[in-house]
Protein chains: 2
Amino acid sequence: MKEGPDIAQIGALIGDPARANMLAALMGGRALTATELAGAAGITLQTASSHLAKLEAGGLVSQRKQGRHRYFALSDDEVGLLLESLMGFAANRGFLRTRPGPKDPALRKARVCYDHLAGDFGVRMLDRLIAEGHVVVGGDEATLTAAGETRMAGLGIDVDGLRRQRRPLCRTCLDWSERRSHLAGSLGEALLARVIDQGWARRSEDSRAILFTPAGERAFLELFPLS
Amino acid sequence: MKEGPDIAQIGALIGDPARANMLAALMGGRALTATELAGAAGITLQTASSHLAKLEAGGLVSQRKQGRHRYFALSDDEVGLLLESLMGFAANRGFLRTRPGPKDPALRKARVCYDHLAGDFGVRMLDRLIAEGHVVVGGDEATLTAAGETRMAGLGIDVDGLRRQRRPLCRTCLDWSERRSHLAGSLGEALLARVIDQGWARRSEDSRAILFTPAGERAFLELFPLS
DNA sequence: TTCATACTTCGATGATAGTCGAAGCATCGA
DNA sequence: TCGATGCTTCGACTATCATCGAAGTATGAA
């Protein structure tokens with residue numbers, strides 16, 4: 001009857017508070033069990049199970065069985081991008097669940113956005129990569145230049161290996177706290193992994209924050225200074 | 001209790017089929033009366049009125065009284081961008097309200113996305129502007145170069161006047177049918193207005209399609225050839 | 001004033017869907 | 001084989017909310 005895609009179904013999936021909380025928890029990038037997600041959303045296990053079935057049917061999350069645990073994760077980074085842009089929209093309009101709490105500054109500084117680095121540090125990293133001619137952005141897609149590939153190799157990142165993955169190497173993702181873009185895609189994931197492997201930072205256990213050590217922060221800022 | 005913005009409220013607003021249909025109708029860019037929107041959504045006037053009150057409270061639409069009519073429109077182009085990205089996501093996941101109908105090819109070729117040109121022609125236009133160095137894209141923002149400003153003046157577009165508006169001059173908007181970006185912002189709006197003022201094309205009455213005349217299509221493709 | 005149009009508000013109804021207790025299935029360890 | 005853990009399914013309850021009829025308000029025309 002009507003033309004075009006049906007946004008109501010997705011809206012309804014995201015529109016339930018319990019489901020939205022579970023999705024927000026999964027934006028942390030870790031795969032979580034149904035029990036953990038139930039805790040995050042403040043509902044019982046049965047209810048969570050029903051919600052997860054709907055989210056899976058809608059293609060927003062996917063599960064992986066491992067022993068008697070079932071780990072749920074966002075099915076795509078595309079889902080992560082959509083959720084982040086929704087959060088940005090909500091933040092601009094004042095749809096906040098609470099006034100900014102003590103954790104908020106840490107989140108604005110550096111946090112994980114599904115699987116890559118977001119917040120001030122994430123935006124700064126992409127800015128620097130663009131300024132140095134290592135990444136070229138065109139629309140929502142981004143490409144790594146030859147110079148950029150050399151630099152990534154210098155950081156110990158196997159770009160060819162990343163290319164073999166099905167997902168795009170580079171994407172931009174709109175940052176809800178900075179209102180500017182940071183780097184997503186498999187390269188964004190690899191860069192965050194590198195930062196953590198180096199011991200420069202670690203993921204917070206109970207939030208999306210990325211906590212830098214003092215030495216790690218110095219090293220990061222030396223690598224990606226203000227343009 | 002939870003950190004971050006509340007995406008559930010927006011999701012719930014968009015998640016009702018009647019409201020989603022009204023929003024989709026408003027993506028046509030025209031301001032519509034409550035009666036027209038009720039017709040578009042297939043509901044009675046009372047129900048539409050209740051929905052519109054909710055959408056307005058949520059900041060998604062705004063109304064303008066004019067005599068005994070009340071015209072409703074999307075409050076921002078930001079709302080349009082969000083809806084278009086939701087449509088893109090929905091289209092990729094197969095959330096279609098119907099199988100592609102006869103209008104579909106026309107929509108994919110050229111349609112209005114709130115107030116600017118989308119579809120194949122919209123994507124092609126931005127591609128060409130980038131290729132000619134008239135627009136530079138960085139992240140989700142785009143800037144008009146000096147050369148681009150000269151060219152826009154040649155097309156009869158008063159860039160300085162556009163700059164005085166509160167909204168950004170250039171933005172990119174992800175196209176749901178092409179899965180690439182086209183040009184939004186006040187410049188995008190001005191370019192579409194120019195195309196229509198020239199008599200190259202007109203808006204369809206009953207859909208988002210932009211219908212080019214044969215001569216208009218030739219003129220447009222001459223202006224923005226394939227890169 | 002009177003009538004008509006456009007829309008909102010009120011009130012009642014009905015259906016959808018979120019919720020949880022209880023029971024069922026699957027996996028693991030002993 | 002037994003019990004424990006993790007999760008799903010079933011069934012029933014409940015609350016929310018979309019829906020529409022009817023009445024009320026506002027603007028315009030005659």
Side-chain angles (χ1 to χ4, degrees), chain A residues 1-2 6-26 30-75 95 97, chain B residues 1-2 6-26 30-58 60-73 75 95 97:
Chain A
M1 168 174 170
K2 294 289 173 184
D6 187 2
I7 56 176
Q9 293 183 47
I10 305 173
L13 275 178
I14 301 175
D16 179 77
R19 283 195 291 263
N21 282 336
M22 290 197 273
L23 290 171
L26 289 175
R30 301 179 209 265
L32 300 173
T33 65
T35 308
E36 290 170 324
L37 287 168
I43 51 181
T44 62
L45 186 55
Q46 312 92 287
T47 308
S49 178
S50 138
H51 285 307
L52 287 168
K54 286 173 189 172
L55 288 174
E56 194 178 9
L60 296 189
V61 309
S62 51
Q63 60 167 303
R64 199 181 31 156
K65 292 182 69 168
Q66 204 164 85
R68 53 183 162 183
H69 293 275
R70 298 199 182 188
Y71 286 97
F72 291 86
L74 302 185
S75 26
F95 286 100
R97 276 185 291 202
Chain B
M1 170 177 173
K2 294 288 173 185
D6 187 2
I7 56 176
Q9 294 183 47
I10 306 173
L13 275 178
I14 302 176
D16 179 77
R19 283 195 291 263
N21 283 334
M22 291 196 274
L23 290 171
L26 289 175
R30 301 179 208 267
L32 299 174
T33 66
T35 309
E36 290 171 323
L37 287 168
I43 52 180
T44 63
L45 186 55
Q46 309 94 285
T47 309
S49 178
S50 141
H51 283 309
L52 286 168
K54 286 174 189 170
L55 288 174
E56 196 179 8
L60 296 188
V61 309
S62 51
Q63 60 167 306
R64 200 182 27 163
K65 293 184 69 167
Q66 205 163 84
R68 52 183 162 180
H69 293 276
R70 296 198 183 187
Y71 285 96
F72 290 87
S75 25
F95 286 101
R97 275 187 288 206

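Being a predicted model, the structure only gives us computed values, none of them experimental. Within every chain, numbering begins at 1; the chains are lettered A, B, ... in the order of the sequence lines, protein sequences first and strands thereafter.
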Trainee: Check B/Y71 against B/A31 and note the closest heavy-atom contact, atom names and distance.
Mentor: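 Of all heavy-atom pairs spanning B/Y71 and B/A31, the closest is CD2-O, 3.6 Å.
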Trainee: Could you work out which one of C/dC20, C/dA6, C/dT8 sits closest to the side chain of B/A34?
Mentor: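 Looking only at side-chain atoms, B/A34 lies closest to C/dT8.
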Trainee: Which nucleotide in the set C/dG18, C/dC20, C/dT8 lies at the smallest distance from any side-chain heavy atom of B/Q46?
Mentor: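 Side chain of B/Q46 sits closest to C/dT8.
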Trainee: So does A/H69 get a side-chain nitrogen or oxygen closer than 4.0 Å to the phosphate oxygens (OP1/OP2) of C/dC28?
Mentor: no
Trainee: Please give, in whole Å, the distance from C/dC25 P to A/R70 CZ?
Mentor: 14 Å
Trainee: Go through C/dG18, C/dT27, C/dG21 for me and flag the one nearest to the A/K65 side chain.
Mentor: C/dT27
Trainee: Calculate the interatomic distance between A/K54 atom NZ and C/dT19 atom C1'; express it in whole Å.
Mentor: 10 Å
Trainee: Quickly work out the A/L45 CG to C/dG24 P distance and round it to whole Å.
Mentor: 17 Å
Trainee: Using a cut-off of 4.0 Å on non-hydrogen atoms, how would the nucleic acid contact of A/A53 be classed: base, sugar-phosphate, or nothing?
Mentor: nothing
Trainee: To the nearest 0.5 Å, tell me how far B/L52 CG sits from B/L32 CG.
Mentor: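 The CG atom of B/L52 sits 10.0 Å away from the CG atom of B/L32.
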Trainee: Could you state the atom-to-atom distance from CD of B/E56 to C1' of C/dT8 in whole Å?
Mentor: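 That distance rounds to 12 Å.
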Trainee: Distance from A/I14 atom CD1 to B/L13 atom CG, nearest 0.5 Å?
Mentor: 12.5 Å
Trainee: To the nearest 0.5 angstrom, please state how far the OG atom of B/S49 sits from the CG atom of B/L37.
Mentor: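 Spacing of OG (B/S49) from CG (B/L37) equals 11.0 Å.
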Trainee: Between B/E36 and A/A18, which is nearer to the 5' end of DNA chain C once each is assigned its nearest nucleotide?
Mentor: B/E36
Trainee: Whole-Å distance between C/dA17 C1' and A/D16 CG?
Mentor: 9 Å
Trainee: Working to the nearest 0.5 angstrom, can you tell me the gap between B/E36 CD and B/L26 CG?
Mentor: 10.0 Å
Trainee: I'd like to know whether A/T47 forms a side-chain contact (heavy atoms from CB on, under 4.5 Å) with A/H51, so could you lay out the CA-CA distance, the side-chain angles of the two residues, the decisive distance to 0.1 Å, and finally the verdict.
Mentor: CA-CA 6 Å; A/T47 308; A/H51 285 307; 3.7 Å; yes
Trainee: Using whole Å, what does the distance between atom C1' of nucleotide C/dT16 and atom NE2 of A/H51 come to?
Mentor: 14 Å
Trainee: In Å and rounded to the nearest 0.5 Å, what is the CG to CD1 distance from A/L60 to A/I10?
Mentor: 7.0 Å
Trainee: Can you pull the contact range of chain A along DNA chain D, 5' to 3', using atoms under 4.0 angstrom from its heavy atoms?
Mentor: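 Endpoints of the contacted stretch of DNA chain D: D/dA4 to D/dT9.
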Trainee: Answer yes or no: does a side-chain N or O of A/R19 lie under 4.0 Å from OP1 or OP2 of C/dG18?
Mentor: yes
Trainee: It should be established whether B/S49 places a side-chain nitrogen or oxygen under 4.0 Å from OP1 or OP2 of nucleotide C/dT8.
Mentor: yes
Trainee: How many whole angstroms separate atom CG of A/L13 from atom C1' of C/dT16?
Mentor: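 After rounding, the gap between these two atoms is 15 Å.
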